[in-house]
Protein chains: 2
Amino acid sequence: MARAGLTVERLTRAAADLADEIGFQNVTVSALTRSFGVKPAALYAHIKDARDLRVKVALLAMAELADRAAAALAGRAGKDALVAFANAYRDYARQHPGRYAAMQTELDPETAAASAGSRHAEMTRAILRGYELSEPDQTDAVRMLHSTFHGYVSLETTGGFRHHPREAAASWSRTLDALDALLRNWPPA
Amino acid sequence: MARAGLTVERLTRAAADLADEIGFQNVTVSALTRSFGVKPAALYAHIKDARDLRVKVALLAMAELADRAAAALAGRAGKDALVAFANAYRDYARQHPGRYAAMQTELDPETAAASAGSRHAEMTRAILRGYELSEPDQTDAVRMLHSTFHGYVSLETTGGFRHHPREAAASWSRTLDALDALLRNWPPA
DNA sequence: AGCAAATACTTAAAGCTTGTAAGTAAGCGA
DNA sequence: TCGCTTACTTACAAGCTTTAAGTATTTGCT
């Protein structure tokens with residue numbers, strides 16, 4: 001029998017694709033190895049265990065999203081940058097729901113520190129350069145922006161806005177307007 | 001052998017407590033029935049399947065949170081109401097991480113419609129009465145508030161703010177200041 | 001080319017999970 | 001006390017994770 005050519009990269013990518021198709025929760029070792037035409041046990045030569053696989057998908061997604069966000073941010077400033085960054089975030093989550101769900105996996109501190117999460121935080125800080133906020137307001141604003149983006153996308157993808165006729169995209173656009181206005185007028189402590 | 005006295009209510013509550021202790025993901029039929037000293041099969045006389053159990057925990061959590069939010073909101077208006085509501089939300093999530101995680105379970109539309117989620121949306125709308133917003137800005141603001149609350153709490157509980165020394169509670173408080181300022185100055189379309 | 005070593009995968013098996021079906025025992029009403 | 005309903009157990013099938021040991025394939029050395 002010819003070998004399947006499993007590698008950590010191929011497995012991680014396939015798991016991510018599978019997550020986007022069938023949902024992150026439904027990605028099992030069995031299902032993944034099945035898609036390669038090998039037996040479940042074959043996975044353990046490449047990946048420690050199921051949790052390790054999930055973490056690797058999470059890190060992949062974070063890196064991909066950071067790449068997209070960086071590309072969106074290039075050459076922009078102010079509201080332009082804010083909107084481009086936010087849309088990159090939302091678009092990624094909508095196009096890759098499984099990968100996005102994977103990003104919610106809890107990472108141990110060292111793994112988190114080595115992840116693309118920090119690139120993300122840096123980029124958010126870069127956006128704020130257009131808004132003249134000094135510490136600790138800057139950190140608070142970074143957290144608020146990230147919260148709003150994540151919260152919106154999370155609620156939208158889990159159907160939280162479906163019961164009202166107003167388009168989710170319209171509210172999103174206005175939310176970005178509001179954030180821009182807020183950052184230009186951040187309240188004093 | 002004496003009977004264990006299983007009921008849907010007791011099972012749901014026990015599952016919610018177990019979720020707060022060991023994490024919602026780790027709540028299994030086996031673990032739950034073990035805590036009652038009965039065999040797994042005994043559960044299926046009361047609850048359809050594992051998903052049904054998870055949904056029931058989600059609905060319980062939503063109802064509990066709505067009760068707390070309603071109590072917090074009573075007799076308050078304006079920023080006072082906003083802060084009280086937001087803190088009820090965050091406090092509940094921090095005190096009941098398993099229940100809060102359960103709330104992210106995807107519900108089918110009819111179940112969602114019958115859930116306490118609508119009470120939540122109504123309360124958020126009630127807060128906005130103090131800020132004179134008309135449609136569709138009101139809907140957009142409701143969505144933004146919910147997004148920010150959920151996003152913040154979600155990131156905080158999954159450790160997203162742990163890599164920076166700034167207290168999560170401090171950023172939260174300033175985020176509420178910012179939201180209040182924003183609602184008083186919602187940008188025109 | 002041919003052989004040994006390393007690598008990639010399979011088989012086998014244990015222990016966990018969800019879920020169904022059928023059997024038994026407990027408690028209630030007459 | 002008899003019998004019915006209800007609550008639970010036993011037994012079992014099927015799927016998932018993971019380890020250990022075995023086999024086949026490829027690599028690399030001579």
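These numbers were taken from a predicted model, which means no experiment stands behind them. Letters go in sequence order (proteins before strands), and every chain restarts at 1.
Aromatic rings from A:His96 and A:Phe24 are positioned such that their centres are separated by 6.0 Å or more.
Heavy atoms of A:Leu6 sit under 4.0 angstrom from primed sugar atoms or phosphate atoms, though from no base atom. Within the 4.0 angstrom heavy-atom criterion, no nucleotide atom of any strand lies near A:Arg10. Within 4.0 Å (heavy atoms only), B:Ala4 reaches sugar-phosphate atoms of the nucleic acid but no base atom. Within 4.0 Å (heavy atoms only), B:Ala45 reaches no atom of the nucleic acid at all. Across all strands shown, A:Ala41 has heavy atoms under 4.0 Å from base atoms, whether or not it also approaches the sugar-phosphate.
The separation between A:Leu53 atom CG and D:dT17 atom P is 9 Å, rounded to whole Å. When rounded to the nearest whole Å, the span between CZ of A:Arg34 and C1' of D:dC16 equals 9 Å. Rounded to whole angstrom, the span from the CG atom of A:Leu11 across to the C1' atom of D:dT17 amounts to 16 Å. Distance OH (B:Tyr44) to C1' (C:dG19): 5 Å, rounded to an integer number of Å. The distance between atom CD1 of B:Ile47 and atom P of C:dT18, rounded to the nearest whole Å, is 12 Å. Rounded to a whole Å, the CG atom of A:Leu43 is 14 Å from the P atom of D:dC16. B:Leu32 has its CG atom 12 Å from the P atom of D:dC8, to the nearest Å. At whole-Å resolution of the value, CD in B:Gln25 and P in C:dT18 are 13 Å apart.
If you check D:dC16, D:dC8, C:dT18 against the side chain of A:Thr28, the one that comes closest is D:dC16. Closest to the B:Ala50 side chain, of the nucleotides C:dC9, C:dT18, D:dT17, is C:dT18.
With no hydrogens or angles considered, no side-chain donor-acceptor pair links B:Thr7 and B:His46 at under 3.5 Å. In this structure, a donor-acceptor pair under 3.5 Å is present between the side chains of B:Asn87 and B:Trp172.
With A:Phe161 as the aromatic partner, B:Arg143 meets the cation-pi criteria of under 6.0 angstrom to the ring centre and within 45 degrees of the ring axis. Judged by the 6.0 Å distance and 45° axis criteria, A:Arg90 is not positioned over the aromatic ring of A:Phe149.
Here B:Arg3 does not reach the OP1 or OP2 of C:dT24: none of its side-chain N or O atoms lies under 4.0 Å away. Residue A:His46 places no side-chain N or O under 4.0 Å from the OP1 or OP2 atom of C:dT7. For the pair A:Ser30 and D:dT17, the criterion of a side-chain N or O lying under 4.0 Å from OP1 or OP2 is met.
Both A:Lys48 and A:Ala31 sit near DNA chain D, but only A:Ala31 has its closest nucleotide nearer the 5' end.
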